[in-house]
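Accompanying notes for the structure given below.
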Amino acid sequence: MNIGLIGSGGREHALCQKICSSKLSKKVFCFPGNAGTYKIAKNINIDILNFQKLLKYIKFYKIELVVVGPEEPLVRGITDFLKKHKIKVFGPTKYASKLEGSKIFMKKLCKKNNIPTANYKTCENEKDVKKFIKENKLPLVVKADGLAAGKGVTICKTEKQVLKVSNEIFKGKFKSSKKIVLEEFLSGEEASYFVIVDKKNFKFFGTAQDHKRVGENDTGPNTGGMGAYSPAPIIHKKLERKIIKRIIKPTLEALKKENHPYQGFLYVGLMIKNNDPYLIEFNVRMGDPECQAILPRLKSDIVEIINNTTKNKLKETSIRWKKEKSMSIVLCTKGYPGNYKKNLKIDNLENIKLEKYDKIFHAGTKFENEKYFSNGGRVLNVTSLGKSFILIRKKILKLLKIINWKHGFYRKDIGWKVIKKNANYKW
Ligand code: AMP
Ligand code: GLY
């Protein structure tokens, strides 16, 4: 069948590769894609929030299945729109996407269903904020209610900072909402658990740990993610049962009860404390760069899995994984996540020799006049599989050295927690 894929990041290049290798795929179209997808599929450069225009292309190219990568079109209702026009689409509805699109919606759902998460208050003005500060200990976490391109969460150590950050949001810093969720700070170790969901069932779709801070040893400002590895060893069987029983099942049941069953990937962002899981956030999509670490471990045909999910046949679908571990390191443009330049030439990509388990996923790149150029802050995701994280990381760092992009930088310590923890293991 002809398949459409929406998005332009490393996640979408990883999805595109898997989709292209499926026996069920005929032609693959990326809206708008990047230099990586350009090489294996057809890129169509349009605004992915212009649903009418998108529909025209989908009809023109006889696209039979649409896979949505990023959150924004989902939160704005792309699934409802395409379904109304009889196009098969993989991704949650506008209502279900509020799990990511509105922190207030997500927290209310947790409270109503006793799902473990940080204690919180919805605030609309300074008075609400001051009351919560009085009743709780610092640090506190200020979260913009709506989508904020990864910039909506601030961990505040002082009362002054809580008030400053909250007031900025009340005054309209983010277009999506002027409200905030103010919540207690959870300590512990972060991990992400993924499931694929149809209207009747859900199945495991990998675990990963991301590295959000720009600097080594987890320092500096937050980013979209500097690197990830999979699986997350902290999530053992017993903990997994708790995640499913306490968080995933009650959430999916609650949405079903409200007549808005979930369908799509669900990203469960967790804080693990004393072997208990606490929900930090839901995302209604795969993570980026978590997806680039997880998908190379998938053995089964992704199109078969996704297509069966849209038909609510997930239960009969087998999802098998390679036993190898995986890691992906993000090559960024100097200056990211602050100001950085675009249109910088990237050499050395054509001649680089990749072995069976190595992959270079493109993120913010474009291909013009037979040359690669940067087109964003996160540019390439160098990924590899292997037996141990330390060896995989060595391999990736070697590849990054060969790429030797003079405008770029990357973290050399991805996986430091797990590598240090297992320092006594024989690699
Ligand atoms: P989010 O945008 O919800 O993913 O939050 C971004 C990051 O902020 C998370 O990955 C955590 O590292 C951190 N964070 C969010 N909420 C909390 C919390 N209640 N306690 C501690 N850290 C948090
Ligand atoms: N890497 C974090 C995210 O995709 O939200």
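First listed ligand is number 1; within each ligand, the first listed atom is number 1.
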Legend entry - For atom 14 (N) of ligand 1, the protein heavy atom that lies nearest, with its residue and separation: I280 CG2, 4.1 Å

Legend entry - Check: F282 ring centroid to F105 ring centroid under 6.0 Å: no

Legend entry - Distance from atom 16 (N) of ligand 1 to nearest protein heavy atom, with residue and atom: K143 NZ, 2.9 Å

Inset, instruction - Verify whether the ring centers belonging to F265 and F90 lie closer than 6.0 Å. - result: yes

Inset, instruction - State whether the shortest distance between N or O atoms of G287 and N or O atoms of ligand 2 falls below 3.5 angstrom. - result: no

Inset, instruction - For atom 19 (N) of ligand 1, find the nearest protein heavy atom and state the residue, atom name and distance (0.1 Å precision). - result: E183 OE2, 2.6 Å

Inset, instruction - Check the side chains of S384 and D358 for a donor-acceptor pair under 3.5 angstrom, ignoring hydrogens and angles. - result: yes

Legend entry - Under-4.0 Å heavy-atom contact with ligand 1, by part of K103 that carries it: side chain

Inset, instruction - Would you please indicate yes or no on a ring centroid separation below 6.0 angstrom for W416 and Y229? - result: no

Inset, instruction - Report yes if D288 has an N/O atom closer than 3.5 Å to an N/O atom of ligand 2; otherwise report no. - result: yes

Legend entry - Side chain, backbone, both or neither: the part of V153 lying under 4.0 Å from ligand 1 by heavy atom: side chain

Legend entry - Within-cut-off N or O pair, E190 and ligand 1, under 3.5 Å: yes

Inset, instruction - Around atom 1 (P) of ligand 1, find the nearest protein heavy atom and jot down its residue, atom name and distance. - result: E281 OE1, 3.4 Å

Inset, instruction - Report yes or no: does a heavy atom of P289 sit under 4.0 Å from some atom of ligand 2? - result: yes

Inset, instruction - Indicate yes or no: does R320 engage D301 in a salt bridge with an N to O separation below 4.0 Å. - result: no

Inset, instruction - Examine R11 against ligand 2 and note whether any of their N/O atoms are separated by less than 3.5 Å. - result: no

Legend entry - Those atoms of ligand 2 less than 4.0 Å from some heavy atom in E290: 1 (N), 2 (C), 4 (O)

Inset, instruction - Give the residue and atom name of whichever protein heavy atom lies nearest to atom 20 (N) of ligand 1, and the separation in Å to one decimal. - result: L186 N, 2.8 Å

Inset, instruction - Determine whether the side chain, the backbone, both or neither of M286 has a heavy atom under 4.0 Å from any heavy atom of ligand 2. - result: neither

Inset, instruction - Examine F204 together with Y193 and report whether their ring centres are nearer than 6.0 Å. - result: yes

Inset, instruction - Among all protein heavy atoms, pick out the one at the shortest distance from atom 13 (C) of ligand 1; state its residue, atom name and that distance to 0.1 Å. - result: I155 CD1, 4.1 Å

Inset, instruction - Sort out for me which residue in K417, K273, Q209 forms a side-chain hydrogen bond (donor to acceptor under 3.5 Å, both in side chains) with E189. - result: Q209

Legend entry - Heavy-atom pair of closest approach, residues N34 and A363: ND2-O, 3.1 Å

Legend entry - Under 3.5 Å side-chain donor-acceptor pair for R297 and S230: yes

Inset, instruction - Do me a favour and list the nearest non-hydrogen protein atom to atom 5 (O) of ligand 2 with residue, atom name and distance? - result: R285 NH2, 2.9 Å

Legend entry - For N283, atoms of ligand 2 separated by under 4.0 Å from a heavy atom: 5 (O)

Legend entry - ligand 2 atoms in contact with G224 (distance to a heavy atom under 4.0 Å): 1 (N), 2 (C)

Legend entry - Parallel, tilted or perpendicular: rings of F361 and H13 (30°, 60°): perpendicular

Legend entry - Polar atom proximity, D210 to ligand 2 (N or O, under 3.5 Å): yes

Inset, instruction - Please confirm whether Y372 and H362 have ring centers closer than 6.0 angstrom. - result: yes

